[in-house]
Amino acid sequence: MNHYSSLLRHFADLRDGTHGQEPGAVERTRRGKERLFSDAVRLIDPYARLALAEMNSELLLGTGEITATGVRRVVGGRGGSEIGGGEIGGGGSGGAVGGVEARWELGWPEQRAAGLAPVLLHAVYGAGFHHPHLQGGTVGQWPLNVFTEEQAAAELPVLRGIAAAELHNLVFMRDYRIVPGVVGEGGGEGLG
(Lines give C-alpha, C1' and ligand atoms only; values in the text may rest on other atoms or scores of the structure.)
Protein backbone atom coordinates (compact mmCIF):
# COMPACT_ATOMS: atom_id res chain seq x y z
CA MET A 1 0.00 0.00 0.00
CA ASN A 2 1.33 3.46 -0.83
CA HIS A 3 0.09 7.03 -0.53
CA TYR A 4 -1.43 6.89 -4.02
CA SER A 5 -4.02 4.50 -2.59
CA SER A 6 -5.40 7.47 -0.66
CA LEU A 7 -5.94 9.33 -3.94
CA LEU A 8 -7.88 6.38 -5.33
CA ARG A 9 -10.08 6.32 -2.20
CA HIS A 10 -10.51 10.10 -2.57
CA PHE A 11 -11.64 9.80 -6.18
CA ALA A 12 -14.04 6.97 -5.28
CA ASP A 13 -15.54 9.19 -2.54
CA LEU A 14 -16.17 11.92 -5.09
CA ARG A 15 -17.61 9.44 -7.56
CA ASP A 16 -19.90 7.75 -5.02
CA GLY A 17 -20.83 10.73 -2.83
CA THR A 18 -19.55 8.90 0.25
CA HIS A 19 -16.64 8.84 2.67
CA GLY A 20 -15.34 5.61 4.15
CA GLN A 21 -14.26 2.17 3.12
CA GLU A 22 -15.75 -1.32 3.07
CA PRO A 23 -15.83 -3.49 5.13
CA GLY A 24 -15.87 -0.63 7.67
CA ALA A 25 -18.18 2.34 7.76
CA VAL A 26 -19.14 4.16 4.59
CA GLU A 27 -20.86 7.43 5.43
CA ARG A 28 -23.01 9.89 3.53
CA THR A 29 -23.99 12.19 6.43
CA ARG A 30 -21.93 15.02 7.91
CA ARG A 31 -22.19 13.48 11.38
CA GLY A 32 -20.92 10.11 10.15
CA LYS A 33 -18.09 11.71 8.20
CA GLU A 34 -17.03 13.71 11.29
CA ARG A 35 -16.89 10.46 13.26
CA LEU A 36 -14.64 8.97 10.55
CA PHE A 37 -12.53 12.17 10.67
CA SER A 38 -12.00 11.73 14.43
CA ASP A 39 -10.96 8.12 13.81
CA ALA A 40 -8.56 9.22 11.04
CA VAL A 41 -6.94 11.83 13.33
CA ARG A 42 -6.41 9.17 16.00
CA LEU A 43 -4.84 6.86 13.40
CA ILE A 44 -2.59 9.46 11.80
CA ASP A 45 -1.47 11.21 15.02
CA PRO A 46 1.63 9.05 15.67
CA TYR A 47 2.78 9.51 12.07
CA ALA A 48 2.28 13.28 12.12
CA ARG A 49 4.30 13.44 15.34
CA LEU A 50 6.98 11.17 13.82
CA ALA A 51 7.35 13.33 10.69
CA LEU A 52 7.77 16.45 12.83
CA ALA A 53 10.10 14.71 15.31
CA GLU A 54 12.34 13.60 12.43
CA MET A 55 12.48 17.18 11.13
CA ASN A 56 13.20 18.49 14.64
CA SER A 57 16.03 16.00 15.13
CA GLU A 58 17.66 16.27 11.69
CA LEU A 59 17.16 19.92 10.74
CA LEU A 60 16.40 21.81 13.94
CA LEU A 61 18.98 19.95 16.05
CA GLY A 62 16.37 19.11 18.67
CA THR A 63 15.56 22.75 19.42
CA GLY A 64 11.90 22.48 18.41
CA GLU A 65 8.72 21.70 20.26
CA ILE A 66 5.82 19.69 18.84
CA THR A 67 2.29 20.58 19.92
CA ALA A 68 -1.01 19.03 18.86
CA THR A 69 -4.65 19.99 19.32
CA GLY A 70 -6.57 16.78 18.87
CA VAL A 71 -9.89 17.14 17.05
CA ARG A 72 -11.71 20.41 17.63
CA ARG A 73 -14.55 22.42 16.10
CA VAL A 74 -13.51 25.44 13.99
CA VAL A 75 -15.18 28.67 15.07
CA GLY A 76 -14.90 32.02 13.29
CA GLY A 77 -12.01 31.12 10.98
CA ARG A 78 -9.71 29.92 13.76
CA GLY A 79 -9.47 26.73 15.72
CA GLY A 80 -12.08 26.76 18.42
CA SER A 81 -13.67 24.46 20.92
CA GLU A 82 -11.72 21.30 21.35
CA ILE A 83 -13.21 17.87 20.91
CA GLY A 84 -10.23 16.01 22.33
CA GLY A 85 -6.85 17.63 22.74
CA GLY A 86 -4.59 20.36 24.02
CA GLU A 87 -4.26 23.96 22.94
CA ILE A 88 -2.28 25.38 20.07
CA GLY A 89 -1.72 28.85 18.71
CA GLY A 90 -3.87 30.41 15.93
CA GLY A 91 -3.71 30.28 12.20
CA GLY A 92 -6.59 30.41 9.79
CA SER A 93 -8.39 27.27 8.82
CA GLY A 94 -9.34 28.21 5.29
CA GLY A 95 -12.72 26.74 4.36
CA ALA A 96 -12.92 24.89 7.64
CA VAL A 97 -15.15 27.39 9.49
CA GLY A 98 -17.99 25.39 11.03
CA GLY A 99 -16.08 22.18 10.43
CA VAL A 100 -13.56 20.21 12.47
CA GLU A 101 -9.78 20.15 12.48
CA ALA A 102 -6.68 18.79 14.15
CA ARG A 103 -3.29 20.51 14.09
CA TRP A 104 0.28 19.39 14.72
CA GLU A 105 2.84 22.20 14.91
CA LEU A 106 6.62 22.31 15.20
CA GLY A 107 8.00 25.57 16.53
CA TRP A 108 11.59 26.51 17.38
CA PRO A 109 13.43 29.61 18.64
CA GLU A 110 14.73 30.91 15.27
CA GLN A 111 11.30 30.57 13.65
CA ARG A 112 9.65 32.49 16.51
CA ALA A 113 12.41 35.17 16.48
CA ALA A 114 11.83 35.63 12.72
CA GLY A 115 8.11 36.20 13.34
CA LEU A 116 7.13 33.15 11.27
CA ALA A 117 4.40 30.61 11.89
CA PRO A 118 5.54 27.12 12.92
CA VAL A 119 5.64 24.16 10.55
CA LEU A 120 2.03 22.98 10.43
CA LEU A 121 0.41 19.66 9.61
CA HIS A 122 -3.34 20.28 9.46
CA ALA A 123 -6.15 17.76 9.15
CA VAL A 124 -9.33 19.61 8.26
CA TYR A 125 -12.91 18.71 7.42
CA GLY A 126 -14.40 22.07 6.50
CA ALA A 127 -18.13 22.71 6.66
CA GLY A 128 -18.36 22.89 2.87
CA PHE A 129 -15.99 19.99 2.16
CA HIS A 130 -17.13 16.62 0.81
CA HIS A 131 -14.54 14.87 3.01
CA PRO A 132 -11.39 15.65 5.06
CA HIS A 133 -7.99 16.78 3.81
CA LEU A 134 -4.42 17.16 5.01
CA GLN A 135 -2.61 20.41 4.42
CA GLY A 136 0.17 22.61 5.71
CA GLY A 137 0.12 26.28 6.62
CA THR A 138 1.76 27.23 3.32
CA VAL A 139 1.23 23.97 1.41
CA GLY A 140 -1.99 22.98 -0.36
CA GLN A 141 -4.30 20.14 0.50
CA TRP A 142 -3.99 16.36 0.29
CA PRO A 143 -6.91 13.91 0.76
CA LEU A 144 -7.27 12.46 4.27
CA ASN A 145 -8.88 9.10 3.49
CA VAL A 146 -7.49 7.03 6.38
CA PHE A 147 -9.54 4.23 7.93
CA THR A 148 -6.96 1.66 9.08
CA GLU A 149 -3.54 1.59 10.77
CA GLU A 150 -1.98 0.41 7.48
CA GLN A 151 -3.46 3.36 5.57
CA ALA A 152 -2.26 5.79 8.27
CA ALA A 153 1.28 4.38 8.03
CA ALA A 154 1.18 4.78 4.23
CA GLU A 155 0.62 8.53 4.70
CA LEU A 156 3.99 9.03 6.45
CA PRO A 157 5.73 10.04 3.18
CA VAL A 158 2.96 12.58 2.54
CA LEU A 159 3.28 13.98 6.07
CA ARG A 160 7.06 14.17 5.62
CA GLY A 161 6.56 15.92 2.28
CA ILE A 162 4.12 18.46 3.70
CA ALA A 163 6.43 19.16 6.64
CA ALA A 164 9.46 19.54 4.34
CA ALA A 165 7.53 21.84 1.98
CA GLU A 166 6.37 23.88 4.98
CA LEU A 167 9.94 24.36 6.19
CA HIS A 168 11.06 25.23 2.66
CA ASN A 169 8.35 27.88 2.40
CA LEU A 170 9.27 29.33 5.80
CA VAL A 171 12.91 29.60 4.66
CA PHE A 172 11.69 31.29 1.47
CA MET A 173 9.74 33.81 3.59
CA ARG A 174 12.86 34.66 5.64
CA ASP A 175 16.14 32.85 4.89
CA TYR A 176 18.08 29.67 5.62
CA ARG A 177 19.35 30.94 8.97
CA ILE A 178 16.07 29.93 10.67
CA VAL A 179 17.18 26.27 10.33
CA PRO A 180 19.74 25.35 13.02
CA GLY A 181 20.94 22.35 11.01
CA VAL A 182 22.16 24.66 8.25
CA VAL A 183 23.86 27.25 10.44
CA GLY A 184 26.80 25.98 12.52
CA GLU A 185 28.32 27.36 15.72
CA GLY A 186 29.06 31.09 15.45
CA GLY A 187 26.76 31.62 12.45
CA GLY A 188 28.86 29.67 9.94
CA GLU A 189 27.54 27.05 7.57
CA GLY A 190 26.61 23.80 9.31
CA LEU A 191 26.62 21.76 6.11
CA GLY A 192 29.60 20.60 4.16
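The first residue of the sequence shown is numbered 1, and numbering continues consecutively from there.
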Novice: Return yes if some donor-acceptor pair links the side-chain N/O of Asp175 with the main-chain N/O of Arg177 below 3.5 Å, else return no.
Specialist: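 Yes; at least one donor-acceptor contact below 3.5 Å.
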Novice: Do Arg73 and Glu34 meet the salt-bridge criterion of a basic N to acidic O distance under 4.0 Å?
Specialist: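 Salt bridge: yes.
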Novice: Would you mind reporting whether Leu159 and Leu134 have side-chain heavy atoms less than 4.5 Å apart?
Specialist: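 A side-chain contact exists here, since the closest heavy-atom pair is under 4.5 Å.
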Novice: Can you tell me how far NZ of Lys33 sits from CD of Glu27, rounded to the nearest 0.5 angstrom?
Specialist: 9.0 Å
Novice: Salt bridge between Arg35 and Asp39, side-chain N to carboxylate O under 4.0 Å?
Specialist: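 Between Asp39 and Arg35 there is a salt bridge, with a charged N closer than 4.0 Å to a carboxylate O.
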Novice: At their closest point, which heavy atom of Pro132 faces which heavy atom of Asn145, and how far apart are they?
Specialist: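 What the structure gives for the nearest pair is O-OD1, 4.4 Å.
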Novice: Please list, one pair per line, the donor and acceptor atoms closer than 3.5 Å that link side chains of residues 41-52 to other protein atoms, with sequence neighbours excluded.
Specialist:
| unit_1 | atom_1 | unit_2 | atom_2 | d |
| --- | --- | --- | --- | --- |
| Asp45 | OD1 | Arg49 | NE | 3.0 |
| Asp45 | OD1 | Trp104 | NE1 | 2.6 |
| Asp45 | OD2 | Arg49 | NE | 2.9 |

Novice: Looking only at non-hydrogen atoms, find the nearest pair between Leu116 and Gln111 and report the distance.
Specialist: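 Answer, listing the atom of Leu116 first, then Gln111: O-NE2, 2.5 Å.
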Novice: Can you get from Ile162 to Phe129 by hopping between Ile, Leu, Val, Met, Phe, Trp and Tyr side chains that sit under 4.5 Å apart?
Specialist: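 As far as the 4.5 Å side-chain criterion goes, Phe129 and Ile162 are connected within one cluster.
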Novice: With side chains defined as the heavy atoms from C-beta onward, is the minimum distance between Arg72 and Val100 less than 4.5 Å?
Specialist: no
Novice: Is the shortest side-chain heavy-atom distance between Leu170 and Val179 below 4.5 Å?
Specialist: no
Novice: Does Ala152 offer a backbone N or O that forms a donor-acceptor pair with the side chain of Glu155 under 3.5 Å?
Specialist: no
Novice: How close do Gly98 and Ala127 get, heavy atom to heavy atom, and via which atoms?
Specialist: C-CB, 3.9 Å
Novice: Do Glu166 and Met55 come close enough that some side-chain heavy atom pair is under 4.5 Å?
Specialist: no
Novice: State whether the side chain of Thr63 and the backbone N or O of Trp108 hold a donor-acceptor pair below 3.5 Å, judged by distance alone.
Specialist: no
Novice: Does Glu65 have any salt bridge (charged side-chain N to carboxylate O under 4.0 Å, His left out) partners at least two apart in sequence or in another chain, and if so, which?
Specialist: none
Novice: Do Leu14 and Val26 sit in one hydrophobic cluster, given that two such residues count as connected whenever their side-chain heavy atoms are within less than 4.5 Å of each other, even indirectly?
Specialist: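 No: no chain of side-chain contacts under 4.5 Å links Leu14 to Val26.
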Novice: Is the shortest heavy-atom distance from the side chain of Met173 to the side chain of Thr138 under 4.5 Å?
Specialist: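 In short, these two side chains touch, coming nearer than 4.5 Å.
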Novice: Can you confirm if the aromatic rings of His130 and His19 lie within a centre distance of less than 6.0 Å?
Specialist: no
Novice: Say whether Val146 and Leu8 are linked into one hydrophobic cluster, either directly or through other cluster members, by side-chain heavy-atom distances under 4.5 angstrom.
Specialist: no
Novice: Using 30° and 60° as the class limits, which term best fits the ring planes of Phe37 and Tyr125: parallel, tilted or perpendicular?
Specialist: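 Correct class here is tilted.
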Novice: Taking side chain as C-beta onward, heavy atoms only, is Val71 less than 4.5 Å from Glu101?
Specialist: no
Novice: Between Ser5 and Gln151, is any pair of side-chain heavy atoms under 4.5 Å apart?
Specialist: no
Novice: Is the His133 to His10 ring centre distance short of 6.0 Å?
Specialist: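 Yes: the rings meet the under 6.0 Å criterion.
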Novice: Which value, rounded to the nearest 0.5 Å, describes the distance between Gln21 atom CD and Asp13 atom CG?
Specialist: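 Rounded to the nearest 0.5 Å, the CD-CG separation comes to 9.5 Å.
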Novice: For Pro180 and Glu110, work out which heavy atoms get closest and say how close.
Specialist: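 Smallest heavy-atom distance, with atoms named: CG-OE1, 3.5 Å.
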Novice: Would you find a donor on one side and an acceptor on the other, under 3.5 Å apart, between the side chain of Glu105 and the backbone of Ile66?
Specialist: no
Novice: Below 4.5 Å, heavy atoms only, C-beta onward: do Pro143 and Arg9 meet side chain to side chain?
Specialist: no
Novice: With clusters defined by side-chain heavy atoms of hydrophobic residues (ILVMFWY) lying less than 4.5 Å apart, directly or transitively, does Trp142 cluster with Leu36?
Specialist: no
